[in-house]
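Reading through the structure tokens given below for one structure.
We use all heavy atoms of the structure for the numbers below, so side chains are in, but hydrogens, waters and symmetry mates are not. None of these values were measured; they are calculated from a predicted model.
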Amino acid sequence: MHSLLRQHIIEKLGHTPDDLDLVIECFEPIQAGKREVLVEIGQVCHHCFFLVKGCLQSAVYDEKGMENTLHLDFEGEWRTVMGSFLEGT
């Protein structure tokens, strides 16, 4: 996980930052199963997710309980619930 994240950061910045190892150490790998919910409705999002392998679906449910996909993220992409993550709500 760390090698792909390291490569991603270097590519986005165009250089290797001096404190890259310190930044990389802040990330902890997790494995999520198919259809596993990472952030429940109403739960505060405490993480930014960087996808190493697979696909991540962000969805909401309407009043009839129907699932509506908001985003699909793939390997090398980031996802979080931005408002919740930044504001702790």
Subject >> CA sep, side-chain torsions, deciding dist, call: E67, V60, side-chain contact (heavy atoms from CB on, under 4.5 Å) >> reply: CA-CA 6 Å; E67 182 179 87; V60 295; over 6 Å; no
Subject >> Hydrophobic cluster identity match, V23 and L13, side-chain contacts under 4.5 Å >> reply: yes
Original post:
At what distance, to the nearest 0.5 angstrom, does SG of C26 lie from CG of L5?
Top reply: 10.5 Å
Original post:
Does I10 share a hydrophobic cluster with F27, counting links as ILVMFWY side-chain heavy atoms below 4.5 Å and allowing steps through other members?
Top reply: yes
Original post:
Is the side chain of D62 donor-acceptor paired with the backbone N or O of G65 at a distance under 3.5 Å, no angle test?
Top reply: yes
Subject >> CA sep, side-chain torsions, deciding dist, call: L56, L38, side-chain contact (heavy atoms from CB on, under 4.5 Å) >> reply: CA-CA 10 Å; L56 180 65; L38 298 177; 3.7 Å; yes
Original post:
CG of N68: more than 12 outside heavy atoms within 6.0 angstrom?
Top reply: yes
Original post:
Is the ring centre of W78 less than 6.0 Å from the ring centre of F85?
Top reply: no
**OP:** State plainly whether one hydrophobic cluster holds both L70 and V39, where clusters connect Ile, Leu, Val, Met, Phe, Trp and Tyr through side-chain heavy atoms under 4.5 angstrom apart.
**Re:** no
Subject >> Nearest atoms (heavy-atom pairs only) where Q31 meets E36 >> reply: O-OE1, 4.1 Å
Subject >> Residue pairs passing the salt bridge (charged side-chain N to carboxylate O under 4.0 Å, His left out) test where at least one lies in residues 70-88, sequence neighbours excluded >> reply: D73-R79
Subject >> Backbone N/O of T89 and side chain of S84: donor-acceptor pair under 3.5 Å >> reply: yes
Without placing hydrogens or testing angles, list every side-chain donor-acceptor pair under 3.5 Å for residues 42-55, not counting sequence neighbours.
unit_1 : atom_1 : unit_2 : atom_2 : d
Q43    : OE1    : E40    : N      : 2.7

Original post:
So do the side chains of T16 and I9 get within less than 4.5 Å of each other, counting heavy atoms only?
Top reply: no
Original post:
Atom CG of L72 and atom CD of Q57: how far apart are they, to the nearest 0.5 Å?
Top reply: 6.0 Å
